[in-house]
Number of protein chains: 2
Amino acid sequence: MDQYSTRLDGIFQALADPTRRAVLMELGKGPSSISDLAKPFDMALPSFMKHIHFLEGSGLIRTQKQGRVRTCAIETKQFAMIESWLSAQRAVWEGRNDRLERFVLAEHDPEKL
Amino acid sequence: MDQYSTRLDGIFQALADPTRRAVLMELGKGPSSISDLAKPFDMALPSFMKHIHFLEGSGLIRTQKQGRVRTCAIETKQFAMIESWLSAQRAVWEGRNDRLERFVLAEHDPEKL
DNA sequence: CGAATACTGATCCATAAGGCTAAGTATCAC
DNA sequence: GTGATACTTAGCCTTATGGATCAGTATTCG
């Protein structure tokens, strides 16, 4: 299994958690500090940090520490991987749909055969 | 946490596994039996079935048993959930980008203030 | 009918995931 | 300098995940 696939695993795994999805939505509005991000969640900070580390590991966010404050920002580029996978998936089934449709039409219109 | 979020968890979790992604790509070409699907994987069939059950549970495929053969087909509708989540995410950060851009332009062109 | 085929159910295992608490370090504000 | 603030590290726990094996059921084929 290659690098691309491993990265996809990690990205989808990151999105498979509601806390992490919510964090991404919040960061979509702009960079934010860890403690600000953590406020809406009824969770211990070390637990929340695990989510942050996971998101950073998957490339969906990057963090930067300045003094005692760590600021998180979203990495929109990484969403392109999801989108390209989805596009590839759609290309496969739409290719099949097109062939099926032409077959059906030909069947109903014998002149097309 | 609501139904929608739980379903998203399941869908992204389903996609977080390379075997399951490969299965979806194969099913994108058309319905297929379990044993045909399982052929490319060096995996015991009961283990493979777990992946199938997971995919079915997340709504990404549906299966139907006829005699001793169980046929799997993709549920393309379910991909719409992923896409709508991505769209929502993009809307958030693009909304921010638009505001940032207008702010930058206004700053460089004082007449726009 | 018996053998082959296509699953199915149950159990086990190692590892990962998603939380917790306790204790610590580093920075900041007064 | 001291107390408050913002993380950080480490260890623990329960549950889930992604595989395995074994044994079974149901259907199909010769």
Side-chain angles (χ1 to χ4, degrees), chain A residues 1-2 5-27 30-74, chain B residues 1-3 5-27 30-73:
Chain A
M1 184 173 57
D2 57 31
S5 195
T6 304
R7 283 168 66 195
L8 269 183
D9 296 349
I11 286 165
F12 284 126
Q13 184 66 43
L15 298 180
D17 181 80
T19 302
R20 293 199 287 265
R21 284 202 303 279
V23 166
L24 289 167
M25 280 296 175
E26 189 58 35
L27 288 179
S32 185
S33 70
I34 300 276
S35 45
D36 281 344
L37 276 178
K39 279 191 176 79
F41 302 97
D42 186 25
M43 190 186 296
L45 197 61
S47 305
F48 187 77
M49 285 303 305
K50 276 192 176 174
H51 287 301
I52 296 297
H53 287 317
F54 203 107
L55 284 168
E56 194 168 26
S58 69
L60 288 165
I61 68 169
R62 67 178 181 270
T63 71
Q64 186 171 43
K65 191 154 190 186
Q66 192 158 24
R68 67 186 179 181
V69 178
R70 181 173 292 278
T71 302
C72 307
I74 201 161
Chain B
M1 187 174 56
D2 57 30
Q3 265 262 52
S5 195
T6 303
R7 282 168 65 194
L8 268 183
D9 295 349
I11 288 166
F12 284 125
Q13 185 67 44
L15 298 181
D17 181 81
T19 301
R20 292 197 288 266
R21 285 201 303 279
V23 165
L24 289 168
M25 281 292 175
E26 190 58 35
L27 288 179
S32 185
S33 71
I34 301 276
S35 44
D36 281 343
L37 278 178
K39 279 190 176 75
F41 302 98
D42 185 27
M43 189 185 299
L45 196 61
S47 304
F48 187 77
M49 285 303 304
K50 277 193 178 174
H51 288 300
I52 296 297
H53 287 316
F54 203 107
L55 284 168
E56 193 170 23
S58 69
L60 288 163
I61 68 168
R62 67 177 180 273
T63 69
Q64 187 171 40
K65 194 157 191 188
Q66 190 157 26
R68 67 185 181 181
V69 178
R70 182 173 291 276
T71 302
C72 308

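Lettering follows sequence order; numbering is per chain, from 1.
Taking the side chain to side chain contact (heavy atoms under 4.5 Å, CB included) definition, one finds that B/Arg68 meets it with nothing, sequence neighbours left out. Contacts of A/Pro31 classified as side chain to side chain contact (heavy atoms under 4.5 Å, CB included), with partners at least two apart in sequence or in another chain: A/Thr71, A/Ala73, B/Arg96. Listed by chain and number, the residues in a side-chain hydrogen bond (donor to acceptor under 3.5 Å, both in side chains) with B/Lys65 amount to none (sequence neighbours excluded). Remark: B/Ser47 engages B/Met43, B/Ala44 in a side chain to side chain contact (heavy atoms under 4.5 Å, CB included) (not counting sequence neighbours).
Among the heavy atoms of the strands lying under 4.0 Å from B/Asp42 are primed sugar atoms or P, OP1, OP2 only; no base atom is included. Using a 4.0 Å heavy-atom cutoff across all strands shown, B/Ile34 reaches sugar-phosphate atoms only and no base atom.
Note that the CG atom of B/Leu27 and the OG atom of B/Ser32 stand 6.0 Å from one another [nearest 0.5 Å]. Atom CD1 of A/Ile11 sits about 11.0 Å away from atom OG1 of A/Thr6, to the nearest 0.5 Å.
Atom CG of B/Leu45 and atom C1' of D/dT21 are 13 Å apart (whole Å). In this structure, the CG atom of A/Asp9 is 12 Å from the C1' atom of D/dG18, given to the nearest Å. One interatomic measurement links the two molecules: CZ of A/Arg70 to P of D/dC7, which rounds to 8 Å at whole-angstrom precision. With rounding to whole Å, B/Gln64 atom CD is found 15 Å from C/dC7 atom C1'.
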Got a list of protein N/O to nucleotides 9-16 of chain C N/O distances below 3.5 Å?
none

I'd like a list of close polar pairs between nucleotides 26-30 of chain C and the protein, N/O only, cut-off under 3.5 Å.
residue, atom, partner, partner atom, Å
C/dT27, O3', A/Arg68, N, 3.4
C/dT27, O2, A/Arg68, NH1, 3.1
C/dC28, O4', A/Arg68, NE, 3.4
C/dC28, O4', A/Arg68, NH1, 3.2

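Contact annotation: the side chain of B/His53 never approaches that of B/Thr63 to less than 4.5 Å [non-hydrogen atoms, C-beta and beyond]. Looking at B/Leu15 and B/Leu60, their side chains come closer than 4.5 Å, going by heavy atoms from C-beta outward.
On a pure distance criterion of 3.5 Å, no polar donor-acceptor pair joins the side chain of A/Ser35 and the base of D/dA6.
Considering only side-chain N and O atoms, A/Ser47 lies nowhere under 4.0 angstrom from the phosphate OP1 or OP2 of C/dG18.
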